[in-house]
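Remarks on the structure that follows.
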There are 2 protein chains.
Amino acid sequence: MHDLDETDLEILQLLTSNARRPYSDIADAVGLSPPAVSDRVARLQERGIIRGFTLDIDRSQLRKGTPVLLTLEIATGSQDVSSVKETLLDTGAVENVFTTAEADLVAYVRAPDTDVAGWLAATFSEETIDDFEVTLLSGADWSPNVGGMEFALTCAECGNTVDSEGTSARIDGDLYQFCCPSCETRFEEKYELLQQGAD
Amino acid sequence: MHDLDETDLEILQLLTSNARRPYSDIADAVGLSPPAVSDRVARLQERGIIRGFTLDIDRSQLRKGTPVLLTLEIATGSQDVSSVKETLLDTGAVENVFTTAEADLVAYVRAPDTDVAGWLAATFSEETIDDFEVTLLSGADWSPNVGGMEFALTCAECGNTVDSEGTSARIDGDLYQFCCPSCETRFEEKYELLQQGAD
DNA sequence: AATGAAAGGATTAAGCC
DNA sequence: GGCTTAATCCTTTCATT
């Protein structure tokens, strides 16, 4: 399995700003032939980096309801957190679910009516949710990902942007990017020290 | 300006599950000709319901860093909240920003390093942020929008699903859907009462 | 909104490095 | 393995009804 290069990032950026952009356009932009772009996109999909081509929809025009952030404390011993997460996503009223390190869930919900507690009760059995908190929202935005450095690789050591001069290394199964060999060396030394400390 | 019908919702659903699906495919699925589908998609874009065609990307494979939920209390009298929001989205490390009714911000951030406070300080001047809170995350999911009733129109009065028997009305510039004329009437009566109360 | 013709894009296969 | 070119097939667009 090979690593992402700058051309892949460029393709990602172009497709993110318009997923229906013709591959021939992209080919011109990145200096490849259309089949080469098609191949790269297929590879990005196989690797799971591109999960799919989708729409950015203004849901506020489709689904009425009160937009809220819902913090859920899941009862231990009931279903596991990820099944609650799946249930939330399946309701269709939930757009995002964040799982905290404490295994709480924070969900962005457009509750079908103003009675969020009622909606929750209708969706989950009483024992599932230990406690919940509702924060009313007046807006929800997400990164449109157009232009800018959204997909830039950053040096794991110094944080600078990684360009074609950069290096990368796989350490304990994770891929790290570096802007220069000296950053890579420093990082690896630090990493080894950390590992020794942990043993 | 015409209202959304079930065919529009079907098109939205098909494109959401694959934004590169050929219009000829969609035409077959919804029983129209390809140019008719193209027209409808163009109209959905003009109306701002489709904001764009984009990628669903597994960013965890691209951007290292610590995923956190960041709750920001914006100092009153500094910049306004929406400019802080824009700055966050522009950093490239922020994927979602929710604006609460109290004008706080809740952002989903992949901080470039483990020092979230440092990242904040580097991004905003000291006076901008009154207070902040960091919640470590172990996961972040969003609704893949495939299958199910995600795009069903719900009655603004009773919450039932709106089918082809339903009605819709534009009230004060907003479009509302109703499952039946009596729900529409009841809603309009309630709305007028509310308006009178507000004056 | 459908049709049919013309333009444009995607994909395949063969060959190259 | 990943690239290119050229040929084929499919999709989209436009003018027309």
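Per chain, numbering begins at 1; letters A, B, ... match sequence-line order.
In terms of hydrophobic clustering, with Ile, Leu, Val, Met, Phe, Trp and Tyr side chains grouped at heavy-atom distances under 4.5 Å, B:L70 and B:V94 are assigned to a common cluster.
Among the heavy atoms of the strands lying under 4.0 Å from A:P22 are primed sugar atoms or P, OP1, OP2 only; no base atom is included. Among the protein residues, B:S33 comes within range of the nucleic acid bases, having at least one heavy atom under 4.0 Å from a base atom.
Rounded to whole angstrom, the span from the CG atom of A:L15 across to the P atom of C:dA10 amounts to 10 Å. To the nearest angstrom, C1' of C:dA10 lies 15 Å from CD1 of A:I11. Counting to the nearest Å, the C1' atom of D:dT13 and the CZ atom of A:R20 are 13 Å from each other. Atom CG of A:D28 is separated from atom C1' of C:dG8 by 13 Å (rounded to the nearest Å). Atom CG in A:L32 sits roughly 15 Å away from atom C1' in C:dC17 (whole-Å rounding). Atom-to-atom, OH of A:Y23 to C1' of C:dA10 comes out at 9 Å; the value is rounded to the nearest Å. To the nearest angstrom, C1' of D:dT12 lies 17 Å from CZ of A:R21. One atom, CG of B:N18, and another, C1' of C:dA10, lie 14 Å apart when rounded to the nearest Å.
Contact annotation: A:S24 side-chain N/O to C:dG8 OP1/OP2 distance is not under 4.0 Å.
B:L72 pairs in a side-chain contact (heavy atoms from CB on, under 4.5 Å) with only one of the listed residues (B:L120, B:D131, B:V106), which is B:L120.
Within the 4.5 Å cutoff, the side chain of A:T16 has heavy atoms near those of the B:I57 side chain. With contacts defined as side-chain heavy-atom distances shorter than 4.5 Å, the pair B:T91/B:V109 does not qualify.
With D:dT4, C:dA2, D:dT12 as the candidates, the nucleotide lying closest to the side chain of B:A36 is C:dA2.
Of the residues in residues 37-45 of chain A, those placing a heavy atom less than 4.0 Å from an atom of DNA chain D are A:R40, A:R43, in numerical order.
Across all non-hydrogen atoms, the minimal contact from B:S138 to A:T100 is OG-O, 3.5 Å.
Annotation: the span from B:E46 atom CD to B:D39 atom CG amounts to 9.5 Å, rounded to 0.5 Å.
Geometrically, A:R20 engages B:Y23 in a cation-pi contact defined by less than 6.0 Å to the ring centre and at most 45° from the axis.
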